[in-house]
Amino acid sequence: MRLILVLGDQLSDSLSALTTADQSSDVVVMAEVMAEASYVRHHPKKIAFTFAAMRKFAARLAGQGWQVRYSRLDDPDNTQSIPGELIRRTSETGAHEVIATEPGEWRLIAALRDCPVPVRLLQDDRFIASHADFNAWAEGRKALRMEYFYREMRQRTGLLMDAGRPAGGEWNYDSENRKPPPGGITWPGPMRFAPDETVQEVLDLVAARFASNFGRLDDFWFPTDRDQALAQLRHWLKGGLPLFGDYQDAMLSGQDFLYHAVISVPLNAGLLTPLEVAQAAEAEWRAGRAPLNAVEGFIRQIIGWREYVRGIYFREGPDYTARNALGHHRALPQLYWGAPTKMVCMAAVVGQTRDQAYAHHIQRLMVTGNFALLAGVDPAQVHDWYLAVYADAYEWVEAPNVVGMSQFADGGLVASKPYVSSGAYINRMSDHCRGCAYDVAVKTGPGACPFNLLYWDFVARHAERFQSNPRMAQTVRSWHRMAPERQATIRTDAAAILARLDLGEVV
Ligand SMILES: Cc1cc2nc3c(=O)[nH]c(=O)nc-3n(C[C@H](O)[C@H](O)[C@H](O)COP(=O)(O)OP(=O)(O)OC[C@H]3O[C@@H](n4cnc5c(N)ncnc54)[C@H](O)[C@@H]3O)c2cc1C
Ligand code: SF4
């Protein structure tokens, strides 16, 4: 008799630990524990989602005939750690072994390896590329660029392939995407689910135990079981997907979701699988209900980016999150935790994050990520923030996006250039600048947009490193061509902003 461990982001019937188990004799163990709920100060909506989805999945397994030992957070005997619960359940049941699917975080893998009860770790085959597949692709390559990995994934899955060629003749239709924000939005946003009894019970628990964590708990609407996740996906395929590509990078005040799928929360928890999601999107294009630029863009995120970042996380090893190639050491400014700011773009994204535990890709990359990188914030602190505040954040997916793509702290493994921009980009892609106390057109002096000042200050600070980067060299040359007096003014103004951030003053 064995224990079958099912973690909070492993809520899939197809989980390797479950498909390996013998339902007639093995016992499923699931546990809400403080060690997992508090290793960063997770957003209350993230904790509520996880516990609610776990409770519902445990009930589903029990309904299928599994024996399930489920530990609630407030059970008096709960040891409050995964290894502790495995030891407790072993002595209760007399089990001799634990079978687990590999967790998505080095920290937990180490905890299971060190557990006094023998734990057999199985591959997580809910992903399209195994570690071996990714390593075989990466081996011997000078640069691990996602685009080439993605093409292999297309060929391997057959998604958007016609007789061995990419559908429509191109691999990538991004040139048709990335339009500035539309005048109005025709999709009402993700399907919302009113809390049922299980969710309400969890909301009460989270309200009582995690009230001081950053983030609003009220207005909880995430899907928390597979049926709801599928309903949400179908709702988006019909209404959101057709315009997803066009406005993928746009940002509009008061519009938290635009045409985004908002499926990373159920997908990362295992309520949906990447292949079924990508296939459902392809079917919309084949049926003529969604254009190729939207469908290809979406499928690239799922079978390209999502699989690629996972490959990077496991290939690079546990020290990845500690990398700091640019030597940035500034403390994360308090405005990331909701302290007042005059920057409308930052206030919008942080406010939305506080309310929804969600922001879309460009908000994460080109607003909060961009600002942290320009300001030279310690990437480990940026990583902790992203891991805490987004409901879809698990280290395997969050760390390469933050440490690699957003903060360039891996020295250019994931991103071929740092994702930095002045205010002009935010102005082009959003409506935030119109109502801002700063002027996006002003480059120096009082009222200058902080993104403008910090952008050139960043280029100046890292000119030596980036002058030989083909995608940055032109920018570095522009800096060097600038008049020395202008350079001096930019650097003085930028230093003043950074000093005010360090003092906790409103910027
Ligand atoms: C700094 C930063 C941090 C991020 N942290 C996370 C995170 O913790 N968890 C997470 O799932 N995604 C993360 N992403 C990727 C992306 O922002 C989110 O997946 C996306 O915003 C989720 O919203 P959505 O479902 O509406 O996505 P859509 O825009 O509708 O995209 C569809 C799906 O594609 C996948 N996807 C898209 N881009 C990526 C990517 N770069 N990496 C992995 N999957 C991707 C997601 O599963 C997403 O649900 C991060 C990106 C950045 C720049
Ligand atoms: S002016 Fe600058 S700080 Fe203000 S919203 Fe625009 S980009 Fe953000």
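Positions are given from 1 along the sequence. Both counts, for ligands and for their atoms, begin at 1 and track the order of listing.
Looking at Y358 against ligand 1, only its side chain comes within 4.0 Å, counting heavy atoms. Counting heavy atoms under 4.0 Å from ligand 1, residue L267 touches it through the side chain alone. Looking at Y386 against ligand 1, only its side chain comes within 4.0 Å, counting heavy atoms. Contacts between N268 and ligand 1 below 4.0 angstrom, taking non-hydrogen atoms only, involve the side chain exclusively. Of the heavy atoms in A393, both backbone and side-chain atoms come closer than 4.0 Å to ligand 1.
For the 3.5 Å distance criterion, the side chains of S406 and Y386 fail to qualify, holding no donor opposite an acceptor. Side-chain polar atoms of E105 and Y39 form a donor-acceptor pair below 3.5 angstrom.
By the 4.0 Å N-to-carboxylate-O rule, K238 lies too far from E284 to be salt-bridged with it.
Here the heavy atom of the protein found nearest to atom 22 (C) of ligand 1 is S264 OG, 3.1 Å. Here the protein heavy atom with the shortest distance to atom 33 (C) of ligand 1 is I302 CD1, 3.5 Å. Of all protein heavy atoms, the one closest to atom 25 (O) of ligand 1 is I263 N, 2.9 Å. The closest protein non-hydrogen atom to atom 32 (C) of ligand 1 is F298 CE1, 3.3 Å. Nearest to atom 21 (O) of ligand 1 among the protein's heavy atoms is H361 N, 3.4 Å. Among protein heavy atoms, atom 38 (N) of ligand 1 sits closest to Q301 OE1, 3.2 Å. Counting protein heavy atoms only, atom 7 (C) of ligand 1 is closest to D392 OD1, 3.3 Å. The closest protein non-hydrogen atom to atom 12 (N) of ligand 1 is V397 CG2, 3.7 Å.
Using a 4.5 Å cut-off on side-chain heavy atoms (C-beta onward), L335 and L501 make contact. By the 4.5 Å heavy-atom criterion applied to side chains, R286 and V295 are not counted as neighbours.
Ligand 1 lies less than 4.0 angstrom from a heavy atom belonging to F244.
Below 30°, between 30° and 60°, or above 60°: for Y358 and F257 the angle between ring planes is between 30° and 60°, a tilted geometry. Between F244 and H260, the ring-plane angle classifies as perpendicular under the 30° and 60° cut-offs. Ring planes of Y313 and W106: tilted class, angle from 30 to 60°. Between Y336 and F371, the ring planes are tilted. Angles from 30° to 60° get that label.
Formation of a donor-acceptor pair under 3.5 Å by the T444 side chain with backbone atoms of I490 is not found in this model.
Taking every heavy atom of A261 and a limit of under 4.0 angstrom, the matching atoms of ligand 1 come to 26 (O), 30 (O). Per-residue contacts place V402 under 4.0 angstrom from the following atoms of ligand 1 (heavy atoms of the residue considered): 1 (C), 3 (C). Counting the atoms of ligand 1 from 1 in the order shown, those under 4.0 Å from a heavy atom of V262 are 24 (P), 25 (O), 26 (O). In summary, the atoms of ligand 1 found under 4.0 Å from a heavy atom of A359, numbered by their order in the structure, are 21 (O). Close contacts between ligand 1 and S406 involve ligand atoms 1 (C) [criterion: under 4.0 Å to a heavy atom]. For ligand 1, the atoms closer than 4.0 angstrom to any heavy atom of H360 are 21 (O). Short contacts between ligand 1 and L365, defined as distances under 4.0 Å to a heavy atom of the residue, involve ligand atoms 53 (C). Near H260, meaning under 4.0 Å from one of its heavy atoms, ligand 1 places the atoms 26 (O), 28 (P), 29 (O), 30 (O).
Looking at Y259, W385, Y308, W305 and measuring to atom 39 (C) of ligand 1, the nearest heavy atom belongs to W305. Selection from D256, V414, L387, N401 by nearest heavy atom to atom 52 (C) of ligand 1 gives N401. Of the candidates M146, Q363, R364, M405, it is R364 that places a heavy atom closest to atom 6 (C) of ligand 1.
Shown here are the protein N/O/S atoms lying under 2.8 Å from atom 2 (Fe) of ligand 2, water excluded: C449 SG.
Results of the ring-ring contact (aromatic ring centres under 6.0 Å, His included) test with F134 over F149, W396, F314 single out F149 as the only residue that passes.
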Before giving the answer on ring pair (Phe, Tyr, Trp, His ring centres under 6.0 Å), spell out for Y150 and Y148 the whole-Å C-alpha distance, their side-chain angles and the decisive distance to 0.1 Å. CA-CA 5 Å; Y150 163 60; Y148 297 106; over 10 Å; no
Test log, rule salt bridge (charged side-chain N to carboxylate O under 4.0 Å, His left out), inputs R226 and E276: CA-CA 12 Å; R226 179 160 167 80; E276 74 179 337; 2.8 Å; yes
Any chance you could lay out the salt bridge (charged side-chain N to carboxylate O under 4.0 Å, His left out) test for E152 and R156, step after step, and finish with the verdict? CA-CA 6 Å; E152 281 209 15; R156 179 142 160 219; over 6 Å; no
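The number of heavy-atom neighbours closer than 6.0 Å to CZ of R141, taken from other residues, nucleotides and ligands shown, is above 12.
In this structure, R354 is not positioned above the aromatic face of F214 in the sense of NZ or CZ being under 6.0 Å from the six-membered ring centre and within 45° of the axis.
Evaluation of the salt bridge (Lys or Arg N to Asp or Glu O under 4.0 Å) test over residues 377-393, restricted to residues two or more places apart or in two chains, returns R364-D392.
Distance check, rounded to the nearest 0.5 Å: CZ of R306 to CD1 of I128 gives 8.5 Å.
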